[in-house]
Amino acid sequence: MVRFPFSSLVRSLIQVLVLASLAAAASTTWAARNILVFGDSLSAGYGIPQDAAWPSLLAKRLKQERLDYSVANASISGETTSGGRTRLAAALEKSEPAVVVIALGANDGLRGLPVKTMRDNLAAMADAAQKKNARVLIVGQRLPPNYGPYATQFHEAFAAVAREKKTALVDFLLDGVATRPELFQADNLHPTAEAQPMLLETVWQGLAPLLK
């Protein structure tokens, strides 16, 4: 019978334990480096190929920049802040994100829903993400001037929540796009594939500092 020295057996066990620990750590790190994009049709890539939508372009940029983050896009067309608030907990549990991009509110505004309700929902979502130790970026929206005073209150709500919850803020997702009709699909609501790099650049300004 071949006998192995006790010291060799101990060393082998230690090596196995170290490798297992490293594997577990790597798995945890990977999960913690997710960026959760939580928006509506403007982030879901409505009407265009999915790989052309700005969250997909974000994933490519992260790879190019050699930043150890992956993108989980949980955006749903037609989503309001109330709907998002309802389903955020499950999305946080599934993706375990390091960063959450909250890009909701446009449908609240288009439907004329109460600004206070939207603000409360945004604040609750930011709070929920922060309680999971995620950094938060709130992406603001604007409405056409014909919405009157409501349009001003609507836009100001995003900055108010960002201040209250101490989150990062992008003032307007469609900055540089909204005034260019040729960058919109036939419905005049959803940006074309050609507009998506501009949306990404706008989001990147607020997102990049959170990735350091």
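For reference, positions follow the sequence shown, starting with 1. All heavy atoms count here, side chains included; hydrogens, waters and symmetry mates do not.
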### Message
With side-chain contact (heavy atoms from CB on, under 4.5 Å) as the criterion, how do Tyr46 and Leu189 come out once you've worked through the C-alpha distance, each side chain's angles and the decisive distance to 0.1 Å?
### Response
CA-CA 10 Å; Tyr46 177 88; Leu189 290 173; over 6 Å; no

The criterion is side-chain hydrogen bond (donor to acceptor under 3.5 Å, both in side chains); which residues satisfy it with [X], sequence neighbours excluded?
X      : result
Asn146 : none
Thr167 : none
Lys131 : Asp127
Thr80  : none

### More than 12 heavy atoms from other groups under 6.0 Å of NZ on Lys60
yes

Within the side chain of [X], is there an N or O that forms a donor-acceptor pair under 3.5 Å with the backbone of [Y]?
X      : Y      : answer
Arg119 : Ala157 : no
Gln130 : Lys165 : yes
Ser41  : Ser77  : no
Asn73  : Pro55  : no
Gln185 : Pro191 : yes

#### Entry: Pairs involving residues 200-212, ordered by first then second residue, that meet side-chain hydrogen bond (donor to acceptor under 3.5 Å, both in side chains) (sequence neighbours left out)
Arg61-Glu201

### Task
Fit a plane to each ring of Phe158 and His155, take the angle between them on a 0 to 90° scale, and name the class: parallel (under 30°), tilted (30 to 60°) or perpendicular (over 60°).
tilted

### Query
Under a 4.0 Å N-O cut-off, is there an ion pair linking Arg142 with Asp171?
yes

### Query
Any salt bridge between Glu93 and Lys132, counting N to O under 4.0 Å?
yes

### Query
With sequence neighbours excluded, what pairs up with Arg180 under the side-chain contact (heavy atoms from CB on, under 4.5 Å) test?
Glu182, Leu183, Met198

### Task
Please check if any side-chain donor atom of Asp51 sits under 3.5 Å from a side-chain acceptor atom of Ser56, or the reverse.
no

